[in-house]
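What follows is a single structure, written as structure tokens, with notes after it.
Numbered from 1 within each chain, the chains take letters A, B, ... in sequence-line order.
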Amino acid sequence: MFSQRELERYKRQTMLFGEEGQERLKKAHIFIAGAGGLGSPISIYLAVAGVGTITIVDMDVVDQTNLNRQILHFDRDIGKKKTASAEEKLQALNPDITVNAIDVKIEESNAVKLIGKADGIVDAMDNYPTRYLLNDVAIAKKIPLFHGGIRGFYGQATTIIPGTTPCLKCIFPKAPPKEVFPVVGVTPGIIGTIQANEVIKYLLGSGELLTNRLFIWDGMQAHAEELCVERNPACEACSNMTTTKTPARKKK
Amino acid sequence: MTVKIRFFARFRELLGTDIVTEVAPGAMFSSLITTTARKNPAGYAAIFDEKGDFHEFVILMKNGKRIELTDAAKTPVVDGDEIAVFPPVAGG
């Protein structure tokens, strides 16, 4: 049931998917790995949409050099834990949701427990080793992984449904080298918003997900395109999962 | 015969994209990319290692189908092929 305040808050989107759709968002728990460039727009849009429980994990402190893109964090937050800053902003944006902000490094030893009973994992990381770990947990729990990555004016996104679509290792078997990557804030804004849109559609069980397709954005050309991606039968992460044709959406 | 090479992300910054090039019949996938990338040393170094092999993270596609790096030297290109070369984008 919704309070009068919630009914008013979500009025313009229940026009799209009804109170039933809103109920599905409210009951959902989404895990966001990272409160940086991608994690900022993802968490903001999922919070205002009314996703009932958001767990957001980050181990960093807000730095001046983050502020060109990490819009969850303000100048006054420099030196604060990103999780504290994120929790404050998300809860201020929407006091009717639950925000769990966890200040920890996501590692093999804690990933399964951190993700817990979440309905989906959003990849807002800045490195492939942690992404592969999220991919493994998504496969083990049979929950979707909403992937995004950015560099400069370029970005990519895809929605991974274990057993149905290629996993992250099928698409990118080897990690690129680590670097301090250049970036302008609009790029994670664009890619993060696409990831949040995927989460909302998945939870609602409607629309066509970005599955079996790698979305590629070139901000310099203002050009988006997609490449078809396929499961790798020899994939070291997911080849033991039998392919299912189950529709890629959350169960009612 | 002509083929089209499409670079993405960092590779595109260094080498451009939608490069339509004339190739001799029998040309192999990897030699075509090598020749094209040589136009810019930084572009070449982004795609190939010191031994001239593809960096292990490079993704190759021919007409929308994945080509394994190990098969690139023995995969011929044919007239009208569209070739995609891209790196995983890692930032967040």
Residue selection (most heavy-atom pairs with chain B, distance under 4.5 Å) from A:M220, A:Q156, A:Q70: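 Ranked by heavy-atom pairs under 4.5 Å with chain B, first place is A:Q156.
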In terms of heavy-atom pairs under 4.5 Å with chain B, the winner among A:D123, A:N127, A:I171 is A:I171
Can you say whether [X] sits under 4.5 Å from chain B via the side chain, the backbone, both, or neither, judging by heavy atoms?
X	result
A:I150	both
A:E225	side chain
A:I191	neither
A:R131	side chain
A:D218	side chain

Minimal non-hydrogen separation, A:P177 against B:F57, with atom names: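 That closest heavy-atom pairing would be CD-CE2, 3.2 Å.
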Can you check side-chain contact (heavy atoms from CB on, under 4.5 Å) on B:V89 and A:F181, steps first, answer last? CA-CA 10 Å; B:V89 172; A:F181 58 92; over 6 Å; no
Counting only heavy atoms not in B:F29, do more than 12 fall under 6.0 Å of its CZ? yes
Would you find more than 12 non-hydrogen atoms of other residues, nucleotides or ligands less than 6.0 Å from B:Y44 atom OH? yes
CA sep, side-chain torsions, deciding dist, call: A:Y154, B:F11, side-chain contact (heavy atoms from CB on, under 4.5 Å): CA-CA 11 Å; A:Y154 301 101; B:F11 300 166; over 6 Å; no
Which value, rounded to the nearest 0.5 Å, describes the distance between [X] atom [atom1] and [Y] atom [atom2]?
X	Y	atom1	atom2	value
B:M61	A:C228	CE	SG	7.0 Å
B:F86	A:L214	CZ	CG	5.5 Å
B:R12	A:Q221	CZ	CD	6.5 Å

Look at B:R10 together with A:E179 and state whether they make a salt bridge at an N to O cut-off of under 4.0 Å. no
Chain A heavy atoms under 4.5 Å from B:P88: which part of the residue, side chain, backbone, both or neither? both
Evaluation steps, side-chain contact (heavy atoms from CB on, under 4.5 Å), between A:E230 and B:R66: CA-CA 8 Å; A:E230 293 177 334; B:R66 183 73 157 262; 5.9 Å; no
